[in-house]
Amino acid sequence: MERKMTSIIANRKTKSMVEKIAAIIFTCCAVVSIVAVVGITAYMFVSGTPAIFKVGLTEILFSNVWAPTAADPQYGILNIILTSIVGVFFAILIGVPIGILTAVNLAEIANPKVRNVVKSAVELLAGIPSVVYGLLGILIINPLMYQLELMIFAGSKTHQFTGGANLISAILVLAIMILPTLINITETSLKSVPDDYRKSSLALGASQMQTIFKVVLPAAKNGIMSAVVLGVGRAIGEAMAILLVAGNSVNFPLPFNSVRFLTTGIVSEMGYASGTHREVLFTIGLVLFVFILAINLILTFILKRGGEDGQ
Amino acid sequence: MKKFGALLLACVLSFSLVGCGNNGGGSDDAASGSGDVSGTVALNGSTSMEKLVNGLKEAIVETYPNLQLEPQFTGSSAGVEAVTNGTADIGDVSRALTDEEKAGGLVENIVALDGIAVVTDAANTATNLTTQQLKDIYTGKITNWSEVGGADQNIVVIGRESGSGTRDAFEEILDIADQCKLAQTLNETGAVAAAVQSTPGSIGYISLDALNDNVKALQLDGVAPSEETVKDGSYTLQRPFVMATKGEVSEQSAQVQAVFDFINSDAGQEVISSVGLVSAK
């Protein structure tokens, strides 16, 4: 007695067809992201290069005068590039120790209760929209910086007071923003260090701290490196938060100067820019894109090396 | 498979929801009569007037459905050039015409006034600046409020980004184009107002219509900014938006006259105030 089949899935022929169609749909979905990457790359180069030919690559990259709407327009973004590099560097310098030590705490030391609290705080931190970080920066960091500025430069005739919107504010905001990235990836890599390592180290008489710093951290080196690189990527691509706290005037990146980053350079002037000015903004986008591309290549390189180490 | 289908359906539906635009909220208050004027009017000129002209372009079809404005934004001087040599019917000029230009046969039709308020934080004791002091503050020659009659407090100079119409107007009127040393360059009028409000000792400029009670408007040469003082010309931080024509408006084609009729109608005046300008009427 054969049961009557109502489900099409039970039929062998339709089953194999379903498999095939599903495979095709999955491939299509995968292609979407490839198309997006290729499209963005192509678009960035197509829209970013005309200004390079018009203005000249050295004029854009190595001049520090940004006066796009002057009668004799100048499109030098050297200060903007330097600001991005300096800002991200110091954000990493502040963020990495805090991030790694938090991760160590989470993965190695903390008891489950503390761990739960810290973990959910970090997760919340990761979920906060970047503009909220900016608002917090305006409300808390900028006034503090202004007080500091008034103290340090009291009586100065040459210093331009910025009201606390300066490079340090931006660095602090960035440093906090990259913490979740750093913590989560570092913690994962610490956890993937085999427990045998710890046990062996402890059995040989090393203290817990010795074990953490001499055994576990070195063993998780590659994971931590990729955390740092991803942190750099996040910091360099951030726009909204630092737009609110950095002051956005084009200046050499000194601690108490109002500065403009690559991202904020695009955001702040895109609204009304036209002609060559607009094209140069696209070139800034291209420069940013090249930075991100380089960071990703470094990341791939690190992960690949990590893979080889493991073999 | 069923789930998959549902997912696809959801995707398709969510896409189809996108694209419900709004169809223009222009005024239905039409100028007297004539919907029969048809054709195109070429405008050329100031980039500062882009918002105004585009606003007019969108709104005018409510009154004159067959009248098309064809604006280009190449700069005030290019606008003068274009209307002089006849490639444009109307030249948009965001400054008063020079005597030379008037002698060349152009007529200065002021359609709107663009006023800029200079603001500081509410606690600031300074109340008045001269034009020269304002220039010196923005070019970095004056750095303390005590030099202009305020308390001993540093000045935090806040301005707008390159390309902004307000910055353009501010620097053009004060004749300090690209000499400004800004401590903060913000990209919205609202952001300037907010930063001025929260930063002690700050100074910023915003278009007149954005003035609110959270910031303190400074007098310029003893005149407080307001719609009235802009209209009567006593407040000097303003510039006219001129739609120049070659010869009087009454000598122009029906299409060009229709444009001016529209600007003078209630609907046109509404456009002017909606883009933050003061009516010249």
Side-chain angles (χ1 to χ4, degrees), chain A residues 7-9 14-15 18 21-22 25 65-74 135 138-139 142-143 146-147 149-150 153-166 243-251 256-260 264-265 267-275 277-278 281, chain B residues 1-2 4-5 7-8 11 47-48 50-51 72-75 77 121 137 140-145 147 152-168 171-172 177-189 191-192 194-204:
Chain A
S7 165
I8 52 155
I9 298 173
T14 46
K15 203 170 173 183
V18 166
I21 292 172
I25 292 173
V65 184
W66 175 257
T69 50
D72 175 26
Q74 303 248 36
L135 292 176
I138 286 187
L139 288 175
N142 280 359
Y146 192 30
Q147 294 305 320
E149 190 182 21
L150 287 173
F153 293 96
S156 165
K157 285 276 165 238
T158 48
H159 178 73
Q160 187 186 34
F161 285 84
T162 59
N166 56 29
L243 180 70
L244 296 172
V245 298
N248 300 321
S249 291
V250 182
N251 281 313
F256 283 95
N257 273 0
S258 168
V259 290
R260 187 178 294 181
T264 52
V267 174
S268 64
E269 290 188 4
M270 210 46 169
Y272 297 110
S274 58
H277 182 191
R278 192 179 175 85
L281 293 184
Chain B
M1 194 56 206
K2 224 174 185 177
F4 207 88
L7 194 72
L8 272 179
C11 286
T47 50
S48 313
E50 189 168 342
K51 259 166 130 183
Q72 281 182 295
F73 306 101
T74 51
S77 301
D121 65 292
I137 287 173
K141 280 178 207 142
I142 294 178
T143 58
N144 197 304
W145 284 107
E147 293 171 61
D152 180 19
Q153 191 176 29
N154 298 292
I155 303 178
V156 177
V157 185
I158 298 174
R160 291 288 304 275
E161 83 283 9
S162 313
S164 142
T166 315
R167 169 171 166 153
D168 188 35
E171 298 189 352
E172 195 179 283
D178 289 291
Q179 300 165 30
C180 286
K181 294 193 172 64
L182 301 176
Q184 292 192 26
T185 312
L186 304 176
N187 63 341
E188 268 171 51
T189 294
V192 172
V196 166
Q197 186 191 341
S198 63
T199 313
S202 55
I203 187 169

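These figures come from a predicted structure and were not determined experimentally. Letters A, B, ... mirror the listed sequences (proteins, then strands); counts begin at 1.
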Where [X] and [Y] come nearest, the two heavy atoms and their spacing:
{"X": "Gln160(A)", "Y": "Lys181(B)", "answer": "NE2-O, 2.6 Å"}
{"X": "Ser249(A)", "Y": "Thr185(B)", "answer": "OG-OG1, 2.5 Å"}
{"X": "Ser268(A)", "Y": "Asn187(B)", "answer": "O-CB, 3.2 Å"}
{"X": "Asp178(B)", "Y": "Ala67(A)", "answer": "OD1-CB, 4.2 Å"}
{"X": "Leu186(B)", "Y": "Asn248(A)", "answer": "CD2-ND2, 4.2 Å"}
{"X": "Pro200(B)", "Y": "Tyr146(A)", "answer": "O-OH, 3.0 Å"}

Answer with side chain, backbone, both or neither: which region of Ile155(B) has an atom nearer than 4.5 Å to a non-hydrogen atom of chain A?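 Answer is backbone: N, CA, C or O of Ile155(B) sit under 4.5 Å from chain A.
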With a 4.5 angstrom heavy-atom cut-off, is it the side chain or the backbone of Ser202(B) that approaches chain A, or both, or neither?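 When you check distances to chain A, no heavy atom of Ser202(B) falls under 4.5 Å.
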Measure distances from [X] to the heavy atoms of chain B and classify the residue's part below 4.5 Å as side chain, backbone, both or neither.
{"X": "Leu244(A)", "value": "neither"}
{"X": "Arg260(A)", "value": "side chain"}
{"X": "Val259(A)", "value": "neither"}

So, taking the atom named OG1 in Thr264(A) and the one named CD in Glu161(B), what distance separates them when rounded to the nearest 0.5 Å?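 With rounding to 0.5 Å, OG1 (Thr264(A)) is 12.0 Å from CD (Glu161(B)).
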Checking Thr69(A) side chain against Ser162(B) main chain: does a donor-acceptor pair fall under 3.5 Å?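 Such a contact is absent between Thr69(A) side chain and Ser162(B) backbone.
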For the pair Gln184(B) (side chain) and Thr162(A) (backbone), establish whether a donor and an acceptor sit closer than 3.5 Å, ignoring hydrogens and angles.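 Confirmed, Gln184(B) side chain pairs with Thr162(A) backbone.
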Who wins among Gly159(B), Gly140(B), Ala191(B), Ser164(B) for the most heavy-atom pairs under 4.5 Å with chain A?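 Highest number of pairs under 4.5 Å: Ser164(B).
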If you count heavy-atom pairs under 4.5 Å with chain A, which of Ile158(B), Val157(B), Thr199(B), Asn154(B) comes out on top?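 Option with the top pair count is Asn154(B).
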